[in-house]
Amino acid sequence: MRRRTPRQRGGRIALVCVLATSAVALSLPAVGSASTPTNWQLTAPGPRAVPGAAASPSAEVDLGPDGRLKLTVRRGGTTLLEPSALGVETAYADFTSGLRFSGISQRAIQEKYTTSVGKRREHSTEAAETTLRFTKDGHRIDLVVRVAADGVAYRYVLSGPKWVTVVGEASEFAVPATAHSVLLPFDNGRGDYESAHKHGTVAQAEAAEYGYPALFRVEDSWLLLAESDVDGRYGGSRVRLDPAEKKFKLVLPDPAEVSTGPLATPWRTMVIGDLATVTESDLITDLAPPSKIADTSWIKPGVAAWSWWALGTGDLALQKRYVDYASKQGWEYNLVDSGWADSWIPELVAYSKARNVDTWLWVRWQTIDTPSELERLFKRYQDWGVVGLKIDFVESDGQDRMRWYDLVFAAAAKYKLMLNFHGAPIPRGTERTWPHVMTVEAVKGAEGTKPRPGREPFPIEHYLTLPFTRNLTGSMDFTPVTFSGVRPNSDAGELALSVLYESGVQHFADSPESYAKQPLAEELLRAVPAVWDETKLLAGDPGKHAVIARRGGAEWYVGAALAGEGRNLDAALSFLPAGEWTADIYADGPEGKIVRTSQRVHRDSTLSVPVAKNGGYTVRLRPNG
């Protein structure tokens with residue numbers, strides 16, 4: 001980014017910071033004087049960046065007389081985060097109280113970047129970043145706050161000694177008790193984020209630990225609580241609802257996080273806006289470091305066949321059958337899951353490449369948990385011609401595992417292997433920094449719908465919650481469109497998941513025989529992309545219904561589904577460019593069958609499609625001429 005002169009920076013400061021004293025931003029009074037600032041109101045850049053502006057996020061940092069920091073977050077006149085504690089406790093200093101203000105600096109953030117996967121591939125971000133410096137007993141801590149049109153984030157920077165040991169954070173999130181909440185119970189034993197969300201109010205929520213993201217609605221405003229930029233310097237955090245105060249307090253995964261100084265902690269991230277703004281936001285990836293891979297030409301999202309869900313891994317013959325089906329469908333990949341053998345993988349890779357299908361292999365993380373194993377095995381897989389790895393049973397977001405991730409990311413990039421993690425923590429902006437990470441499970445997905453005696457289907461609300469929670473933190477390997485699974489939705493509702501759920505490698509998990517019974521579904525699945533250029537929320541209510549439009553190249557797709565009794569579900573097409581389009585609609589038909597209809601539409605059209613109980617539809621929109 002081009003540097004601003006001091007005079008230019010001064011002009012920006014007037015937009016993003018209002019001091020509690022009458023002093024101007026560029027002539028701060030001396031620390032310790034009667035007029036030392038103790039309150040900072042921070043806003044997003046742009047013409048609406050004034051406190052209290054309609055629909056504009058803002059942050060207020062307050063330094064109390066006891067030297068404790070607190071953060072308040074608002075959207076317009078709505079308070080989303082009541083005064084919430086800030087601070088860090090380290091082995092060499094406790095920065096949770098007794099702080100003294102020592103200075104301020106500010107800068108404008110303006111970036112453009114690309115990702116291989118996600119809600120879109122081309123990204124543009126603009127934010128105002130304020131660094132507030134504080135001291136205690138000769139030690140310094142910086143609070144860095146970014147405010148953008150779609151949210152607020154903060155992190156701590158500790159200059160510290162050569163080694164910085166963090167033993168706790170005071171960070172808390174005082175969401176109003178009346179707020180509607182969508183919370184993910186955190187399974188500390190598994191650490192895999194594979195629970196179903198709980199809907200209610202903050203006041204009704206159980207005092208327990210919850211994983212990211214957490215979603216809240218206060219009046220007409222939404223807040224998605226998450227984090228970004230987590231690597232081997234620090235563990236991935238979660239929150240605990242305090243039973244007495246009903247505040248969410250940040251929980252670290254380890255007794256201590258140890259890193260070389262200076263240390264910048266992960267961004268504590270709050271995506272803010274109406275539901276469309278939150279659903280479409282790039283804030284989590286905006287906060288992540290730039291790509292560490294210069295040549296990304298080998299990174300290719302796509303659709304994969306996957307035998308394990310329906311028939312297991314089997315042998316070479318079964319895998320060749322799946323490869324044949326993937327080739328017939330025009331899918332890019334075949335995933336060979338647990339149970340493959342060294343003796344036949346090279347033959348399978350050659351057979352697949354001859355049919356324009358590439359191979360992914362399943363591996364257990366424990367087999368690649370040292371640098372020597374990574375080097376030896378990743379080179380072998382590359383020599384075989386494998387293009388990607390599904391790494392399973394990670395089950396931790398502690399600092400040691402994050403350091404392991406750093407090694408895996410780098411080694412996989414060296415050997416040009418794309419990555420998919422299962423039994424793993426959520427991505428936290430990973431797709432920007434390491435664009436060869438195609439997808440991550442971290443979800444209660446279709447593995448839990450495999451037919452078994454006595455198995456109950458997931459609640460339909462689970463399917464309609466994920467587009468507004470888990471999938472907003474990054475690509476999600478739910479493995480959808482399993483018509484033969486134990487599920488609560490209609491066939492057309494299941495088919496709609498191919499658009500509602502974003503995953504850089506989308507694994508359609510049913511058997512070729514099952515898909516052959518659904519020729520219209522096969523037709524759509526031959527066309528639907530796994531990578532998107534734009535994403536727009538047309539309508540939605542977490543757990544109740546979702547209508548999402550995504551563009552891949554020149555075509556648009558709409559995925560729509562609802563929970564509960566059937567009704568018409570509308571999709572306004574105002575996002576379309578001018579001109580006439582053909583809409584192919586795959587919807588609920590008589591006796592539960594998928595039916596396809598086509599009609600001419602334009603940007604002023606609204607599709608109103610009858611949807612069955614727990615049903616849905618998918619629309620493919622093709623430009624005419």
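Nothing fancy with the numbering, it's 1 onward along the sequence.
The shortest distance between side-chain heavy atoms of Asp286 and Glu111 does not fall below 4.5 Å. Side-chain contact between Lys593 and Leu520: absent, with no pair of heavy atoms (C-beta onward) separated by less than 4.5 Å. Within the 4.5 Å cutoff, the side chain of Val336 has no heavy atoms near those of the Trp362 side chain. Within the 4.5 Å cutoff, the side chain of Pro427 has no heavy atoms near those of the Ile284 side chain. Considering only heavy atoms from C-beta on, Leu497 comes within 4.5 Å of Glu494 through its side chain.
A salt bridge links Arg146 to Glu129: at least one charged side-chain nitrogen sits closer than 4.0 Å to a carboxylate oxygen. Ion pairing between Arg75 and Glu219 fails under the 4.0 Å rule for side-chain N and carboxylate O. Under a 4.0 Å N-O distance rule, the pair Asp229/Arg428 does not qualify as a salt bridge. Taking the charged nitrogens against the carboxylate oxygens, Arg268 and Glu227 do have a contact shorter than 4.0 Å, which makes a salt bridge. For Lys119 and Glu431, the salt-bridge test fails: no basic side-chain N is under 4.0 Å from an acidic carboxylate O.
For the ring pair (Phe, Tyr, Trp, His ring centres under 6.0 Å) test, no residue two or more places apart in sequence or in another chain qualifies with Tyr351.
Listed here is the closest heavy atom pair of Trp434 and Ala413: CZ3-CB, 4.4 Å. Annotation for Phe483 and Ser514: closest pair CB-OG, 3.9 Å, computed over non-hydrogen atoms.
Ring to ring, Tyr515 and Phe508 are not that close: their centroids are 6.0 angstrom or more apart.
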Using the side-chain hydrogen bond (donor to acceptor under 3.5 Å, both in side chains) rule, take Thr359 and Asn334 through it: C-alpha gap first, then chi angles, then the decisive distance, then the call.
CA-CA 5 Å; Thr359 303; Asn334 177 50; 5.6 Å; no
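Counting only N and O atoms by type, the side chains of His199 and Thr465 include a donor and acceptor under 3.5 Å apart.
Judged by distance alone, with hydrogens and angles left aside, the side-chain atoms of Ser352 form no donor-acceptor pair with the main-chain N or O of Val323 at under 3.5 Å.
Applying side-chain hydrogen bond (donor to acceptor under 3.5 Å, both in side chains) to Trp306 and the options Asp337, Thr313, Asp510 leaves one that passes, Asp337.
The OH atom of Tyr557 lies 8.5 Å from the CZ atom of Arg622; values are rounded to the nearest 0.5 Å. Rounded to the nearest 0.5 angstrom, Ile585 CD1 and Leu524 CG are separated by 12.5 Å.
By the 6.0 Å and 45° rule, Arg432 stacks over the aromatic ring of Tyr113.
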